[in-house]
Amino acid sequence: MADLSSLNPQQREAVTTTEGPLLVLAGAGSGKTRVITVRIAHLLDRGVAADRILALSFTNKAAGEMQERVKHMVGRAGRGAVLSTFHALGVQFLREEATAVGLSKGFTILDEGDQKDAVRLALERLGFDPQRYDPSAVHARVSHFKGRLEAPNPRLGGVDAVVHHVLPLYEQRLRAMNGVDFDDLIGMPVRTMETDPEVSERWAHRFRYVMVDEYQDTNGAQLRMVKGLVRGHGNVCVVGDDDQSIYAWRGAVAGNILAFDKHFPGARMIALTQNYRSTNNILRAANHVIRNNVERHDKTLWSDHGDGALLRYQRTDNDEDEARWVATDLLGQRRLLSLNWRDFAILYRTNAQSRVVEDAVRQADIPYRVVGGTRFYDRKEVRDLVGYLRVIANPFDEAAFRRIVNYPMRGIGDVTIQRIGDHARDTGEPFWRLVERPDRVPDVGPKAQRQLVALDALLRTFRARFPREPFGEVCRDLIRKLDFADALVRVHKQPRQVRKRLDNIEEVASALAAFQARRPDGSLDDYLARLSLDTRRQEDGDAGADEISLMTLHGSKGLEFPFVYLVGFEEGLMPHQRVLDGDGELAEERRLVYVGITRAQQHLTLTGADRRLKFGRISRRRPSRFLDEIPEALFAGGRSGAVPPPSEAERAEKNRSAFDEMFASLARDG
Ligand code: ATP
Ligand code: MG
């Protein structure tokens with residue numbers, strides 16, 4: 001049952017206004033996500049079939065959490081409702097409409113490395129010098145245009161003129177591999193819905209109620225996707241906060257939320273004003289920072305959680321000291337306030353900062369997880385094994401084929417691989433067919449031919465086994481058969497290094513087994529599709545485990561923690577150096593800081609270092625300008641950068657429950 005009594009009147013109105021377009025525009029922690037989940041429960045209560053309900057969010061983590069909350073409210077009745085990310089919905093669309101879109105079944109989602117390879121090959125073929133036109137930069141531009149469903153203007157010259165020529169070859173190459181990139185997951189469904197009347201009709205009525213969380217971060221293509229999905233009925237409810245728009249650099253358009261009623265005529269708007277997450281000192285800090293942005297919907301956050309503890313700001317000599325200070329302080333605070341590990345989060349601006357922090361918390365024996373970070377699936381040895389899985393699932397996946405054809409080494413040289421590639425391109429035959437019949441490729445020696453045929457046979461064997469046997473076991477056999485252990489020993493001299501990598505490889509088998517346990521009817525394809533979408537976060541790690549969380553500010557969107565450390569509060573990180581160099585918007589950096597501050601429920605600590613190791617060089621640092629935007633009086637000990645020791649009164653409190661009003665007022669007075 002949806003418990004409407006747990007909502008305030010505006011939230012209730014948002015939940016029960018089910019027909020027509022609705023925008024909930026409200027500040028951080030005001031219950032927007034809660035509105036979406038209760039709304040789903042409410043629709044189910046009213047007898048709407050679960051599979052007519054769609055809720056979209058941006059990360060798998062967010063979609064997963066929504067799923068949990070709905071399950072908690074309605075139990076099994078919620079099964080069948082689609083709670084998904086935009087990209088995962090795109091995958092589903094392409095699966096079902098593969099023919100209409102022009103893909104074959106079992107298409108592959110190419111990862112960023114493969115996409116860049118495709119760009120590099122296109123550059124080479126066109127005779128552009130990859131030294132001069134960096135494939136990564138060109139790829140970023142390709143994605144820029146694809147994400148917006150726009151074409152570059154060749155007359156403007158510069159890199160865009162190059163992109164203009166690269167794009168068609170790039171697309172051609174992806175299709176030849178039966179592959180798509182991330183942008184295609186949105187772009188292809190949009191274009192198909194906009195041009196194919198039959199498909200359009202199907203999807204316009206597929207879902208009866210569509211909801212979007214974090215709507216401020218949608219881009220132009222995603223807006224068009226939503227439009228296509230609600231064309232039949234217009235029942236679309238979006239929730240968001242313009243102050244938390246942090247993806248303009250990736251094409252998010254603030255206008256999507258600010259001009260919602262232009263895109264969806266007749267839209268109603270509901271504002272939520274009360275924050276349920278944080279204490280007022282934290283909210284005051286957030287309000288003061290964000291107020292410096294012009295062009296925003298003016299809102300001021302408040303809650304009835306009292307003033308709460310003051311903020312703290314600690315400055316250290318260097319980044320390692322900073323990380324150590326945080327780890328030590330965290331241990332002390334956990335004891336003082338009787339908190340669990342999971343109540344703590346350490347947030348940073350860039351992924352690169354995580355290493356120092358990880359080292360420090362590991363030293364201090366603090367259990368931790370990196371949310372959305374290390375990218376387990378980006379490790380070389382993992383990608384090698386996943387390469388095999390990809391080829392097994394989709395023989396057309398040429399990028400994966402090239403990766404594995406001579407790894408572990410089987411005496412097939414680069415020249416041979418090049419010849420097969422060239423021959424494939426010249427004749428239009430798929431790469432895999434030439435692996436099967438290498439005798440058709442000129443100048444491939446008999447030994448290499450034998451090896452290729454053997455590889456083809458091996459792949460066929462495993463292709464046949466996967467649908468029939470438990471994934472985990474088949475994968476373990478594959479690892480053994482390929483003798484990854486031997487291949488690793490050749491490269492890594494130290495047994496520890498080999499062990500670590502073998503552990504990672506075997507972890508894939510465990511992940512496959514776990515996937516099958518969760519989704520007994522899921523195919524290897526499904527697993528790989530998930531994988532490609534999950535590369536931005538660590539799939540492993542049990543969400544319920546008692547661990548502190550480490551993540552970037554971007555990754556922290558939508559989450560909340562009782563105790564938050566915001567580290568690296570310095571010029572060059574917040575705002576990011578890129579912005580100081582004139583690339584990007586200061587206002588977006590401020591919104592990012594606002595997102596960080598508003599993750600904290602009861603305690604917020606900012607830290608910064610005077611010196612930091614960057615690209616192997618010591619750089620001198622200054623405190624973030626955003627520090628000056630927070631009133632001095634909100635900090636225990638002011639902005640001096642030295643956190644005062646806990647007062648006697650606080651110490652006396654340590655055995656009592658941490659967050660009652662009593663503590664809050666003591667902290668305020670002391
Ligand atoms: P963000 O902008 O950070 O995404 P949000 O607006 O989505 O935040 P929620 O995460 O939905 O906010 O809610 C913030 C917290 O407040 C959650 O812990 C939620 O359970 C709680 N909350 C929301 N509404 C109420 C309410 N009416 N009564 C009590 N608690 C509430
Ligand atoms: Mg939210």
Side-chain angles (χ1 to χ4, degrees), residues 2-16 22-42 55-70 72-73 83 85 211-218 237-247 252 257 270-280 282-283 285-287 289-290 296-297 299-306 308 342-343 345 347 371 549 551 553-564 566 591-602 604 659:
D3 180 11
L4 298 187
S5 67
S6 71
L7 302 173
N8 68 35
Q10 295 84 23
Q11 289 176 327
R12 203 150 44 226
E13 195 185 345
V15 164
T16 51
L22 172 68
L23 163 67
V24 177
L25 180 62
S30 56
K32 297 183 295 295
T33 303
R34 185 159 163 146
V35 161
I36 292 201
T37 49
V38 180
R39 206 166 192 272
I40 295 170
H42 175 68
L56 290 169
S57 66
F58 279 79
T59 62
N60 290 302
K61 188 172 169 59
E65 270 179 21
M66 257 202 263
Q67 202 126 35
E68 279 306 305
R69 288 208 223 171
V70 171
H72 187 75
M73 278 184 283
L83 282 72
T85 62
M211 281 149 274
V212 187
D213 198 2
E214 309 275 4
Y215 188 70
Q216 74 277 358
D217 286 326
T218 49
C237 164
V238 309
V239 309
D241 176 6
D242 53 323
D243 286 335
Q244 294 185 69
S245 147
I246 52 176
Y247 283 103
I257 194 161
I270 294 176
L272 309 176
T273 52
Q274 182 171 354
N275 173 295
Y276 289 92
R277 178 178 294 148
S278 312
T279 61
N280 281 298
I282 291 165
L283 295 180
N287 287 331
V289 168
I290 201 67
R296 53 181 286 265
H297 256 265
K299 15 184 175 24
T300 302
L301 301 175
W302 61 275
S303 79
D304 59 12
H305 290 333
R342 74 171 72 87
D343 297 330
L347 312 182
V371 179
S549 298
M551 70 192 90
L553 288 171
H554 280 100
S556 74
K557 200 167 76 151
L559 306 180
E560 57 191 17
F561 302 90
F563 207 117
V564 170
L566 249 173
R591 290 193 292 267
L592 205 45
V593 168
Y594 173 83
V595 167
I597 294 175
T598 53
R599 297 312 95 198
Q601 292 173 292
Q602 279 109 2
L604 176 64
F659 303 129

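We're numbering straight along the sequence, starting at 1. Model, not experiment: these values are computed from the prediction. In each ligand, atom 1 is the first atom listed, and ligand 1 is the first ligand listed.
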Starting from [atom], locate the nearest protein heavy atom and write down its residue, its atom name and how far away it is, to 0.1 Å.
atom	result
atom 5 (P) of ligand 1	K32 N, 3.4 Å
atom 10 (O) of ligand 1	R277 NH2, 3.1 Å
atom 15 (C) of ligand 1	E560 OE1, 3.3 Å
atom 11 (O) of ligand 1	R34 N, 2.9 Å
atom 29 (C) of ligand 1	Y276 CD2, 3.6 Å

[X] to ligand 1: N or O pair under 3.5 Å?
X	answer
A28	no
G31	yes
Q601	no

query: Is it true that K557 lies under 4.0 Å from ligand 1, counting heavy atoms only?
result: no
query: With a 4.0 Å heavy-atom cut-off (strictly under), which part of A26 contacts ligand 1: side chain, backbone, both or neither?
result: neither
statement: Contact region, Q11 to ligand 1, non-hydrogen atoms below 4.0 Å, reads side chain
statement: Quick note on ligand 1: atoms under 4.0 Å from a heavy atom of G558 include exactly 4 (O)
